[in-house]
Asks: 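Here it is: the structure, laid out below.
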There are 2 protein chains.
Amino acid sequence: MERSSQLDHTLLALADPTRRRILARLSKGEARVTELAAPLPMSLNAVSKHIKVLERAKLVRRNVRGRDHYLSLDARPLDQAALWIETQRAQWSQRLRKLDELLQEEDRK
Amino acid sequence: MERSSQLDHTLLALADPTRRRILARLSKGEARVTELAAPLPMSLNAVSKHIKVLERAKLVRRNVRGRDHYLSLDARPLDQAALWIETQRAQWSQRLRKLDELLQEEDRK
DNA sequence: CGAACGTTCCACCTTCAGGTTGAATATCGC
DNA sequence: GCGATATTCAACCTGAAGGTGGAACGTTCG
């Protein structure tokens, strides 16, 4: 019934340490699945699944060359996530500011 | 076996539209559980659970006054999340810059 | 061609997320 | 004290997340 938004997928993908490690690795340059899996304490299959989650979130692009699949980072969805967080922080601090003004108003009376 | 990090909890809490709605509401001021639940298309119990997830992530604080529980936003965990995202974006764009320099170097030869 | 390699697909298991309903608990107001 | 109100707790269900191992598939290379 419910369509999951792009933002849902992005944040969900980021909410896992293994996937954040993969992204951190990819931010230094493209890599194959096996290369990404090598330092991780799990099966190649599990890593393959994590990559699929990252692809669903459009955080990672796949480039197949022969039998090798080269993964690379696409940082654009991060912009949307950062935007949401910044918006919340802005509204929050704005509210604090108004609250502060209100309290000073009280004091003057 | 695995200890979940603060960042995991934060991002996981954010990766749900209902919880983001709750946070957006709270960024405009504190509210009781029932007030938060009113506009949401689910039972009060479900909302209570969502709030617990937000509390685990330390994004929300609870202030009990009589039978009413007043929830308020604590934006500090958002800073950590924003930091991680910004770090990734920085490394990613730095890599693109270096790649660009490299290509220009190639051209000059 | 045939063996090795890189990756995915499939079947399975266990844990957890998100929702439900119904009962329990605590407080308020008459 | 009693009924209404605010919230949680407990049990349960369904589906998805995250892991496993093994079979399948396409590609490379001797």
Side-chain angles (χ1 to χ4, degrees), chain A residues 1-26 29-72, chain B residues 1-26 29-72:
Chain A
M1 283 285 128
E2 273 298 323
R3 54 155 189 88
S4 256
S5 79
Q6 173 65 40
L7 188 52
D8 288 350
H9 287 147
T10 303
L11 290 169
L12 194 65
L14 293 181
D16 179 284
T18 299
R19 289 192 290 265
R20 286 199 305 275
R21 279 187 71 180
I22 292 177
L23 289 178
R25 166 64 186 82
L26 287 179
E30 69 175 10
R32 292 175 305 126
V33 178
T34 315
E35 289 169 1
L36 291 175
L40 298 174
M42 68 187 67
S43 75
L44 192 63
N45 264 346
V47 175
S48 182
K49 281 194 184 180
H50 279 300
I51 292 172
K52 246 177 290 178
V53 173
L54 291 168
E55 283 187 292
R56 184 181 62 178
K58 296 188 173 37
L59 283 162
V60 152
R61 272 180 320 232
R62 185 186 300 259
N63 199 281
V64 181
R65 301 206 276 275
R67 63 184 167 182
D68 299 322
H69 295 209
Y70 286 88
L71 288 320
S72 59
Chain B
M1 282 289 123
E2 272 299 324
R3 53 155 190 90
S4 256
S5 79
Q6 173 64 41
L7 188 52
D8 288 349
H9 286 146
T10 304
L11 290 169
L12 195 64
L14 294 180
D16 179 283
T18 299
R19 289 193 289 266
R20 286 199 304 276
R21 278 187 72 181
I22 292 177
L23 290 178
R25 167 63 188 79
L26 288 180
E30 69 175 10
R32 292 175 306 127
V33 178
T34 315
E35 289 169 3
L36 291 175
L40 298 174
M42 67 187 68
S43 75
L44 189 64
N45 265 345
V47 175
S48 182
K49 281 193 185 182
H50 278 300
I51 292 172
K52 247 177 289 179
V53 173
L54 291 169
E55 284 187 291
R56 185 181 62 177
K58 297 187 172 37
L59 283 161
V60 153
R61 271 181 320 231
R62 185 186 300 256
N63 198 281
V64 181
R65 302 203 277 275
R67 63 184 167 182
D68 298 323
H69 294 209
Y70 286 87
L71 289 319
S72 59

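Letters A, B, ... mirror the listed sequences (proteins, then strands); counts begin at 1.
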Asks: Look at all strands and tell whether L44(B) reaches a base, only sugar-phosphate, or nothing, counting heavy atoms closer than 4.0 Å.
Replies: base
Asks: Return whichever of K49(A) or D68(A) has its heavy-atom-nearest nucleotide of DNA chain D closer to the 5' end.
Replies: K49(A)
Asks: Output the single nucleotide from dG6(C), dA6(D), dG19(D) whose closest atom is nearest the side chain of R32(A).
Replies: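 Looking only at side-chain atoms, R32(A) lies closest to dG6(C).
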Asks: Could you pull out the closest heavy-atom pair between R20(A) and L14(A), with the gap in Å?
Replies: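 Where R20(A) meets L14(A) most closely, the heavy atoms are NH1-O, 2.9 Å.
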Asks: Taking CE from M42(A) and P from dA17(D), how many angstroms apart are they, rounded to a whole number?
Replies: 16 Å
Asks: Please state whether the phosphate of dT25(C), meaning OP1 or OP2, lies under 4.0 angstrom from any side-chain nitrogen or oxygen of R67(B).
Replies: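 The answer is no; no side-chain N or O of R67(B) sits under 4.0 Å from OP1 or OP2.
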Asks: I need the CG-C1' distance between N45(A) and dC12(C), as an integer number of Å.
Replies: 12 Å
Asks: Just N and O in the side chain of H69(B): are any of them under 4.0 Å from OP1 or OP2 of dT8(D)?
Replies: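 Looking at the OP1 and OP2 atoms of dT8(D), one of them is under 4.0 Å from a side-chain N or O of H69(B).
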Asks: In whole angstrom, give the distance that lies between atom CG of L54(B) and atom P of dA17(C).
Replies: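 It is 13 Å, rounded to the nearest whole Å.
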Asks: Provide, to the nearest angstrom, the distance between the CG atom belonging to L12(A) and the C1' atom belonging to dG15(D).
Replies: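 About 14 Å, once rounded to whole Å.
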Asks: For dA6(D), take OP1 and OP2 only and decide whether either is under 4.0 Å from a side-chain N or O of R62(B).
Replies: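 Answer is no, no contact under 4.0 Å.
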Asks: CG of D16(A) versus C1' of dA17(C): gap in Å, rounded?
Replies: 15 Å
Asks: Rounded to whole Å, please give me the gap between CG in N63(B) and P in dA6(D).
Replies: 17 Å
Asks: Round to a whole Å and report the spacing from NE2 of H50(A) to P of dT7(C).
Replies: 17 Å
Asks: Would one find a side-chain N or O of K52(A) under 4.0 angstrom from OP1 or OP2 of dC9(C)?
Replies: yes
Asks: For R19(B), report the nucleic acid contact type (base, sugar-phosphate, nothing); a contact means any heavy atom under 4.0 Å.
Replies: sugar-phosphate
Asks: For dG19(C), take OP1 and OP2 only and decide whether either is under 4.0 Å from a side-chain N or O of S43(B).
Replies: no
